[in-house]
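Take a look at the structure set out below.
Just so it is clear, the values below take in all heavy atoms, side chains as well, and ignore hydrogens, waters and symmetry mates.
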Amino acid sequence: MKKEYLNIIEVFTHKVTNWVNEFIERTPNLIIALVLFLMGFYFSGLIKKAVIKLLAKRKIKLSARTMIGNIVSIFIVSVFLMFSLNILNLDNMVKTVLAGAGVAGLAIGLALQGTLSNTFSGIMLSFVKDISIGDTIDTSGYTGIIQDINLRVVKLKTSDGNLVTIPNKVIIDNPLKNYSKTNSSNISLTCGVDYQSDLNIVRELVLSTIASLPDVELEISEIIFFYKEFADSSIEFEVRFPIQSTNMIEMSIAKSHAIMAIKNCFDHHGINIPFPIRTLNIREHIK
């Protein structure tokens with residue numbers, strides 16, 4: 001019995017000794033492989049910056065530059081990783097992993113259909129000319145400035161300062177309004193006047209008031225004015241005028257100035273802006 005224990009200890013000691021010797025023999029290769037892999041990360045960062053700078057000189061849009069830079073960086077790291085595994089003599093393991101990846105890829109692809117769809121949509125958004133980082137857009141009920149376009153989502157900063165993330169697939173599949181593709185924006189304002197008002201005078205006052213706004217500087221011919229309908233308590237009109245800005249805050253400020261100016265003008269000329277009134281006729285109870 002004692003002899004059997006000694007044999008087990010001897011076999012175990014022999015195995016441990018072989019493992020230690022093999023580790024010592026492989027240590028130089030392990031260090032070289034680790035250094036090579038870290039160099040891959042370092043060079044990938046340098047080459048990524050160089051590619052982005054080169055694309056910037058060619059006036060490629062920011063999102064496309066970032067996407068191409070990331071793809072180049074991943075490719076370089078992958079190349080250095082393959083060299084590192086080759087130094088460690090792990091070629092057979094890599095081949096086995098790649099063979100199994102083909103089978104697992106089908107199952108993973110089915111499970112990640114939504115993620116893959118967002119990824120391909122993100123690549124498309126990075127290269128199309130209709131949308132870029134810094135644009136002000138309106139889509140899926142959200143309006144804001146694009147902060148980032150990545151492989152998963154588009155990040156919007158709304159006017160209230162919040163950050164909204166919208167999946168790339170939603171952007172692709174839904175209508176999108178881009179305020180930044182033109183140099184100007186149209187402001188639309190709706191109001192109403194009572195039925196006793198002289199409509200010709202109202203029109204002239206509104207046009208002259210809008211034309212005199214300090215942040216508009218328009219000719220009266222550039223302003224669109226029309227009456228919309230006979231409403232319950234007023235005759236409603238709409239006025240539209242352009243401003244040389246696509247910034248949402250500046251558009252809101254211009255609209256606010258127009259509302260205040262029209263209200264002051266109407267007050268000065270005795271024109272009433274009515275609000276809905278309901279009159280109740282109560283009959284006396286007849287005994």
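The hydrophobic cluster containing Ile210 also contains Tyr227, counting ILVMFWY residues as joined when their side-chain heavy atoms lie under 4.5 angstrom apart, directly or transitively. The hydrophobic cluster containing Ile262 also contains Ile220, counting ILVMFWY residues as joined when their side-chain heavy atoms lie under 4.5 angstrom apart, directly or transitively. Cluster membership check: Leu55 shares its hydrophobic cluster with Leu46, using side-chain heavy-atom separations under 4.5 Å among Ile, Leu, Val, Met, Phe, Trp and Tyr. Side-chain heavy atoms closer than 4.5 Å link hydrophobic residues (I, L, V, M, F, W, Y) into clusters, and following such links, possibly through other members, connects Phe43 to Val72. In terms of hydrophobic clustering, with Ile, Leu, Val, Met, Phe, Trp and Tyr side chains grouped at heavy-atom distances under 4.5 Å, Val79 and Ile74 are assigned to different clusters.
Glu238 and Ser188 form a side-chain donor-acceptor contact under 3.5 Å, judged by distance and modelled atom types alone.
With Arg203 as the fixed residue, the side-chain contact (heavy atoms from CB on, under 4.5 Å) test singles out one of Asn200, Leu207, Leu199: Leu207. The side chain to side chain donor-acceptor pair (under 3.5 Å) test with Thr143 singles out one residue from Thr158, Thr136, Asp138, and that residue is Asp138.
Checked by atom type and distance alone, the side chain of Ser256 never pairs as donor or acceptor with a backbone atom of Ser252 at under 3.5 Å. Not one N or O on the side chain of Asp173 forms a donor-acceptor pair closer than 3.5 Å with the backbone of Val170. For the pair Ser44 (side chain) and Gly40 (backbone), a donor-acceptor distance under 3.5 Å is present. A donor-acceptor pair under 3.5 Å is absent between the side-chain atoms of Thr190 and the main chain of Glu236, judged by distance alone. With hydrogens and angles disregarded, no donor-acceptor distance shorter than 3.5 Å links the side chain of Asn174 to the backbone of Ser140. With Asp194 contributing its side chain and Ser197 its backbone, the two residues share a donor-acceptor pair below 3.5 Å. No donor-acceptor pair under 3.5 Å is formed between the side chain of Ser234 and the backbone N or O of Ala231.
Taking every heavy atom of both residues into account, Ala254 and Phe241 meet most closely at O-CZ, 4.3 Å. Between Asp232 and Tyr195, the shortest heavy-atom contact is O-CE1, 4.5 Å. Contact detail for Gly69 and Ile52: the closest heavy-atom pair is CA-CG1, 4.3 Å. In terms of heavy atoms, Leu163 sits closest to Gln147 at CD1-CG, 3.9 Å.
Residues Ile166 and Val153 form no side-chain contact, since every pair of their non-hydrogen atoms from C-beta on lies 4.5 Å or further apart. Between Phe80 and Ile76 there is a side-chain heavy-atom pair separated by less than 4.5 Å. With a 4.5 Å cut-off on side-chain heavy atoms, Ile145 and Leu156 do not count as touching. With a 4.5 Å cut-off on side-chain heavy atoms, Lys255 and Ile187 count as touching. Counting heavy atoms from C-beta on, the side chains of Lys263 and Ile273 come closer than 4.5 Å. The closest side-chain heavy-atom distance from Asn162 to Lys157 is not below 4.5 Å. At a threshold of 4.5 Å between non-hydrogen side-chain atoms, the residues Val202 and Phe266 count as touching. Using a 4.5 Å heavy-atom threshold, the side chains of Lys155 and Thr165 count as touching.
One finds the CD1 atom of Ile171 at 7.0 Å from the CG atom of Leu125 (value rounded to the nearest 0.5 Å). Rounding to the nearest 0.5 Å gives a distance of 9.5 Å between OG1 of Thr139 and CD1 of Ile146. The distance from atom CD of Glu204 to atom OG1 of Thr209, rounded to the nearest 0.5 Å, is 11.0 Å. To the nearest 0.5 Å, atom CD1 of residue Ile224 and atom CG of residue Asn186 are 7.0 Å apart. In this structure, SG on Cys191 lies 10.0 Å from CD1 on Ile271, to the nearest 0.5 angstrom. Atom CG of Leu205 is separated from atom NE2 of His268 by 9.5 Å, given to the nearest 0.5 angstrom.
Within a 6.0 Å sphere centred on CZ of Phe75, heavy atoms belonging to other residues, nucleotides or ligands number 12 at most. For Tyr142, the OH atom is loosely surrounded, since the number of other residues' heavy atoms within 6.0 Å does not exceed 12.
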Next item on the list: Show your working on side-chain contact (heavy atoms from CB on, under 4.5 Å) between Ile243 and Met251 and close with a plain yes or no.
Entry: CA-CA 8 Å; Ile243 63 170; Met251 292 168 62; 3.9 Å; yes
Checklist line | Worked check of ring pair (Phe, Tyr, Trp, His ring centres under 6.0 Å) between Phe226 and Phe237 | finding: CA-CA 6 Å; Phe226 54 89; Phe237 68 84; 9.4 Å; no
